[in-house]
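Encoded as structure tokens, the structure appears first; notes follow it.
Proteins come first, then strands; the chains are lettered A, B, ... in the order of their sequence lines, and each starts at number 1.
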Amino acid sequence: MKAVLSFVAGLVFALGLGVGGMLLPEKVLGFLDVAGAWDPALAGVMAGGIAVMAVAWRVFARLPHPLVETRVCVPDRDRPIDGRLLAGAVIFGVGWGLGGYCPGPAIVSLVTRMPAVLAHVAGMIVGVVTFVVVRRFAQAAVQTSAADG
Amino acid sequence: MSLQAFAGPVAGGLLVGVAAAIMLLGLGRIAGISGIFAGLLAPTAGTPGDRATDAAFVGGLLAGGLVLLAVAPQVFPAAAPRTLPVMALAGFLVGFGTRLGCGCTSGHGVCGVSRLAPRSIAATATFVAAGMVTVTVLRVLGVAS
């Protein structure tokens with residue numbers, strides 16, 4: 001049941017990206033080209049999504065538990081803003097502005113088998129793996145320096 | 001710019017919101033695609049939650065893509081905006097950056113902003129601004145978009 005619900009959510013999500021125009025990188029780059037021939041239409045995708053989710057969060061607060069799950073895996077809303085968050089957002093934003101794909105549209109567009117999409121998703125995989133490796137070294141370094149200190 | 005230009009994007013956004021609401025109300029999870037995708041690659045890099053559910057969500061994304069390809073192929077582009085090496089670099093930055101920043105357009109931009117999470121508002125403002133600067137710089141440098 002959990003897998004079925006998750007599958008349906010993924011399917012509806014993909015349809016929303018398609019209907020919304022998010023699968024057209026030229027359109028995305030036009031949205032980001034605020035100093036040029038700006039096309040603000042894609043702001044509507046975020047607005048529509050936020051409108052539905054604003055209601056969903058209110059409903060969620062009244063639920064004793066999720067409908068088909070006993071535990072909740074939602075991050076703490078009020079964690080502090082830190083440098084890591086902002087640095088990651090800058091790096092992601094540069095990648096988004098370079099290729100016109102954020103993660104969802106890139107994955108959905110795999111079905112086209114376009115070489116550019118395959119290259120993008122391959123890059124995403126390398127990026128995630130690089131993050132895991134870098135984090136492991138960083139944690140080891142912190143532990144070593146703590147032991148030294 | 002007519003209001004009609006916003007109809008498709010808003011309709012698509014409502015569907016995205018419904019999908020995210022199914023994840024939240026049904027499964028108690030954030031529909032953060034970068035986290036779900038990363039969780040499949042490396043469990044410690046993704047959002048908390050079980051991997052079978054993640055796999056089903058990504059399967060749903062691909063199934064939705066196939067439906068679109070069958071009934072509305074025009075939602076996909078005829079050609080990519082940039083060369084292959086640039087697309088690979090873009091993907092690398094998207095993959096690395098969304099892990100460092102704990103989220104992307106879906107997790108921060110839709111799910112986080114809609115609950116007024118300060119981190120998500122800051123992240124969304126930052127990645128949109130960084131994307132705008134990148135597109136502007138590329139255009140000024142004469143790199144066709």
Side-chain angles (χ1 to χ4, degrees), chain A residues 3 5-7 9-16 18-20 23 25 29 32-35 41 44-45 48-50 52-54 56-57 66-67 69 72-73 77 81 85 88-100 102-104 107-108 111-112 116 119-120 123-124 127-128 131-132, chain B residues 5-6 9-10 12-17 19 21-23 26-28 33-34 38 41-42 45 48-49 53 56-57 60-61 63-65 68 75-76 80-81 84 87-88 90-101 104-105 110 114-115 117 122-123 126-127 130-132 134-136 145:
Chain A
L5 216 51
S6 187
F7 179 87
L11 195 149
V12 174
F13 204 112
L15 297 182
V19 170
L23 303 179
L29 296 179
L32 294 174
D33 195 9
V34 71
V45 178
I50 289 171
V52 175
M53 277 302 287
W57 280 111
L67 300 178
E69 175 65 272
V72 171
C73 284
R77 193 189 75 165
I81 296 165
L85 175 84
V90 168
I91 293 169
F92 164 44
V94 171
W96 194 30
L98 267 184
C102 51
I107 294 168
V108 173
V111 300
T112 65
H120 193 280
M124 281 168 52
V128 171
F131 171 77
V132 172
Chain B
F6 287 90
V10 170
L14 293 174
L15 283 173
V16 165
I22 292 172
M23 289 297 278
L27 299 160
I33 296 185
S34 62
L41 294 173
T53 310
F57 186 86
L61 285 178
L68 290 166
V75 304
F76 294 104
L84 279 184
M87 293 303 285
F92 175 83
L93 296 173
V94 168
F96 186 87
T98 53
R99 287 307 78 219
L100 191 64
C104 62
T105 350
V110 172
S114 64
R115 74 198 289 223
T126 303
F127 65 66
M132 287 174 169
T134 303
V135 168
T136 302
S145 66

Query raised in the report: Under a 4.5 Å cut-off applied to non-hydrogen side-chain atoms, are B/Val94 and A/Cys102 in contact?
Result: no
Report task. Flag the one option from B/Gly95, B/Ala88, B/Gly91 with the top tally of heavy-atom pairs under 4.5 Å to chain A. Result -> B/Gly91
Report task. Would you mind telling me which of B/Gly12, B/Gly97, B/Gly64, B/Gly60 has the largest number of heavy-atom pairs within less than 4.5 Å of chain A? Result -> B/Gly60
Query raised in the report: Hey, which of B/Leu93, B/Leu27, B/Val75, B/Leu100 has the most heavy atom pairs under 4.5 Å with chain A?
Result: B/Leu100
Requested in this report: Check whether any side-chain heavy atom of B/Ile22 sits under 4.5 Å from a side-chain heavy atom of A/Leu5, and report yes or no.
Outcome: yes
Report task. Give, for atom CZ of B/Arg99 and atom CG of B/Leu41, the distance between the pair rounded to the nearest 0.5 Å. Result -> 10.0 Å
**Report entry** Pairs of heavy atoms under 4.5 Å with chain B: top-ranked of A/Ala35, A/Gly20, A/Gly18, A/Pro25
**Finding:** A/Gly20
Query raised in the report: For chain B, which of A/Gly100, A/Ala56, A/Ala3 has the most heavy-atom pairs under 4.5 Å?
Result: A/Ala56
Requested in this report: Answer yes or no: is there a side-chain heavy-atom contact under 4.5 Å between A/Val90 and B/Phe127?
Outcome: no
Requested in this report: For chain A, find which of B/Ala21, B/Ser34, B/Ala63, B/Pro9 contributes the most heavy-atom pairs closer than 4.5 angstrom.
Outcome: B/Pro9
Query - Max heavy-atom pair count under 4.5 Å with chain B, selected residue of A/Gly104, A/Ala14, A/Ala54 - result: A/Ala14
Report summary line: From the list B/Ala45, B/Gly17, B/Gly26, the residue making the most non-hydrogen contacts under 4.5 Å with chain A is B/Gly26
Requested in this report: Please state whether the side chain, the backbone, both or neither of A/Val132 comes within less than 4.5 Å of a heavy atom of chain B.
Outcome: side chain
Query - Best-contacting candidate, B/Met23, B/Arg115, B/Met132, against chain A by heavy atom pairs under 4.5 angstrom - result: B/Arg115
Requested in this report: Apply side chain to side chain contact (heavy atoms under 4.5 Å, CB included) to B/Ala80 and list each qualifying residue two or more places apart in sequence or on a separate chain.
Outcome: A/Met114, A/Ala116
Query raised in the report: Distance-only, no hydrogens or angles: does the A/Ser6 side chain make a donor-acceptor pair with backbone N or O of B/Thr53 under 3.5 Å?
Result: yes
Requested in this report: Can you sort out the partners of A/Ile81 under side chain to side chain contact (heavy atoms under 4.5 Å, CB included), two or more places apart, ordered by chain and number?
Outcome: A/Leu85, A/Leu86, B/Pro118, B/Arg119, B/Ala122
Requested in this report: Please state whether the side chain, the backbone, both or neither of B/Leu84 comes within less than 4.5 Å of a heavy atom of chain A.
Outcome: both
Report summary line: Applying a strict 4.5 Å limit to non-hydrogen atoms, the region of B/Ala42 in contact with chain A is side chain
Requested in this report: Identify the two heavy atoms, one from B/Ala90 and one from A/Gly95, that lie closest to each other, and give their separation to 0.1 Å.
Outcome: CB-O, 3.5 Å
